[in-house]
2 protein chains.
Amino acid sequence: MVEEHAPHLDTVFHALGDATRRRMLRDLAQAERTVGQLAEPFAISLAAASKHIKVLENAGMIRREVRGRTHVCRLDPGPLASAHEWLSMYERFWTDRLDALDRLLREEDARNAEKPQGDSHE
Amino acid sequence: MVEEHAPHLDTVFHALGDATRRRMLRDLAQAERTVGQLAEPFAISLAAASKHIKVLENAGMIRREVRGRTHVCRLDPGPLASAHEWLSMYERFWTDRLDALDRLLREEDARNAEKPQGDSHE
DNA sequence: GTGTTCTTCAACCATGTGGTTGAATATGCA
DNA sequence: TGCATATTCAACCACATGGTTGAAGAACAC
């Protein structure tokens with residue numbers, strides 16, 4: 001089940017890097033939606049929404065079924081699971097070592113705050 | 001928890017949407033690295049690597065400490081945890097599917113029991 | 001001081017992205 | 001048939017992105 005999905009991570013993370021598309025995913029998590037329904041919350045043209053949907057579709061995150069003249073989209077969780085799995089590689093950094101690392105980082109910040117370096121001469 | 005701590009997610013997911021930056025994060029997961037060390041695996045200029053590092057830094061994913069003339073970078077897991085947490089909202093979509101596919105996967109595993117499963121997590 | 005190393009900055013370039021508008025396509029309905 | 005609905009396509013625009021090169025700063029070494 002662990003495949004070489006790295007090439008897809010580019011498109012998956014890129015698709016997630018836009019609030020409009022994340023909102024679309026949120027809506028699709030409730031139920032399947034047509035293109036028009038997905039576009040409705042936004043003050044953008046249908047053509048723009050269509051492009052967003054295509055980005056999600058190319059990333060494999062939604063699947064489209066053409067029913068008559070409407071295109072019904074539903075969530076495909078696979079890429080979300082891949083992204084989640086990739087991030088899980090770093091989970092130890094905010095779980096096991098959270099206390100130690102966080103304490104070090106905060107000490108560092110405290111030191112830098114007390115001892116500012118490279119002040120401007122002007 | 002209600003999605004609209006989202007401006008941060010834009011930059012975090014965007015930063016993750018590039019294999020060069022993901023590789024840098026992977027290296028930083030091993031140990032702290034200077035800018036030159038982070039740039040070394042890539043066939044790009046130092047200036048280009050510096051831009052990538054700045055993207056990660058602006059997303060809050062790395063912290064920089066200037067030691068003499070070298071800039072030492074460390075991983076900050078906070079934004080990774082945020083992204084992971086956001087994706088976890090959708091976890092039921094692939095765990096539910098796991099219930100449905102569980103039997104199939106077990107059968108698959110049984111059939112492939114002797115086959116090698118080379119894989120990589122980038 | 002001079003020179004070398006580490007890194008950023010500035011200017012530039014090609015391509016990508018997200019948006020628009022208007023036309024095209026395809027379906028549903030009277 | 002004719003018309004409205006749902007969606008995409010094509011062309012275009014402004015701006016962001018990722019890359020380059022060359023110069024500029026700092027910090028170390030001599």
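Chain identifiers are assigned alphabetically (A, B, ...) following the order of the sequence lines, protein sequences preceding nucleic acid strands; residue numbering begins at 1 within each chain. Reckoned from all heavy atoms, side chains included, excluding hydrogens, waters and symmetry mates.
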- With a 6.0 Å cut-off on ring centres, are A:H84 and B:H84 close enough? yes

- Of D:dT8, C:dC9, C:dG18, the nucleotide closest to the side chain of A:K54 is D:dT8

- Query: Shortest non-hydrogen contact from B:A59 to B:H8?
  - Reply: O-NE2, 3.5 Å

- Query: In whole angstrom, what separates B:N58's CG from D:dG18's P?
  - Reply: 12 Å

- Message: Whole angstroms only, please: what is the CG-C1' distance between B:D18 and C:dG16?
- Response: 13 Å

Under-3.5 Å N/O pairs linking protein and nucleotides 10-15 of chain C:
none

- Can you figure out which of C:dT21, D:dT7, C:dG19 approaches the side chain of A:T34 most closely? D:dT7

- Message: Can you pull out every salt bridge (charged side-chain N to carboxylate O under 4.0 Å, His left out) where at least one residue sits in residues 30-44 of chain A? Sequence neighbours excluded, please.
- Response: A:E32-A:R67

- Interatomic distance where CD belongs to B:E65 and P belongs to C:dT7 [whole Å]: 13 Å

- In whole angstroms, the gap separating C1' of D:dA26 from CG of B:L46 amounts to 16 Å

- How long is the line joining CZ of A:R33 and P of D:dT7, in whole Å? 13 Å

- With sequence neighbours excluded, residues passing side chain to side chain contact (heavy atoms under 4.5 Å, CB included) with A:A47: A:S45

- Note on the structure: Between B:D76 and B:G60 the two heavy atoms that sit nearest each other are CB-O, 3.4 Å

- Task: Verify the contact: side-chain N or O of A:S50 to OP1 or OP2 of D:dT8, cut-off strictly under 4.0 Å; return yes or no.
- Result: yes

- Item | Contacts of B:E91 that satisfy salt bridge (charged side-chain N to carboxylate O under 4.0 Å, His left out) - sequence neighbours left out | none

- Task: Determine the contact category for A:A49: base if any of its heavy atoms lies under 4.0 Å from a base atom, sugar-phosphate if only primed atoms, P, OP1 or OP2 are that close, otherwise nothing.
- Result: nothing

- Query: If every non-hydrogen atom of A:Y90 is compared with every non-hydrogen atom of B:R22, which pair is closest and at what distance?
  - Reply: OH-O, 3.9 Å

- Message: Suppose we screen for side chain to side chain contact (heavy atoms under 4.5 Å, CB included). Which residues come up paired with B:A49, at least two apart in sequence or across chains?
- Response: B:M24, B:A39, B:I44

- Rounded interatomic separation in angstrom, taking CD1 from A:I44 and C1' from C:dT17: 13 Å

- Which of the following nucleotides, C:dT7, D:dT7, D:dC9, is nearest to the side chain of B:H71? C:dT7

- Result of checking A:C73, A:P79, A:P77 against A:M61 for side-chain contact (heavy atoms from CB on, under 4.5 Å): A:P79

- Message: Under 4.0 Å, heavy atoms only, any strand: does B:A15 hit a base, just the sugar-phosphate, or nothing?
- Response: nothing

- So, does B:Q37 use its side chain to make a donor-acceptor pair with the main chain of B:T34 at under 3.5 Å? yes

- Message: Whether B:H52 contacts D:dG18 is assessed here as follows: a side-chain N or O lying under 4.0 Å from the phosphate OP1 or OP2. Is that the case?
- Response: no

Between the protein and nucleotides 24-27 of chain C, which nitrogen or oxygen pairs are less than 3.5 angstrom apart?
from	atom 1	to	atom 2	distance (Å)
C:dT27	O3'	A:R69	N	3.4
C:dT27	O2	A:R69	NH1	3.3

- Item | Any B:S45 side-chain N or O less than 4.0 Å from OP1/OP2 of D:dT20 | yes

- Message: The side chain of A:H14 is closest to which nucleotide in this list: D:dT7, D:dT20, C:dT17?
- Response: C:dT17

- Query: Could you give the CG-to-P distance, from A:L56 to D:dT7, as a whole number of Å?
  - Reply: 15 Å

- Separation of A:I53 atom CD1 from C:dT17 atom P, in whole Å? 17 Å

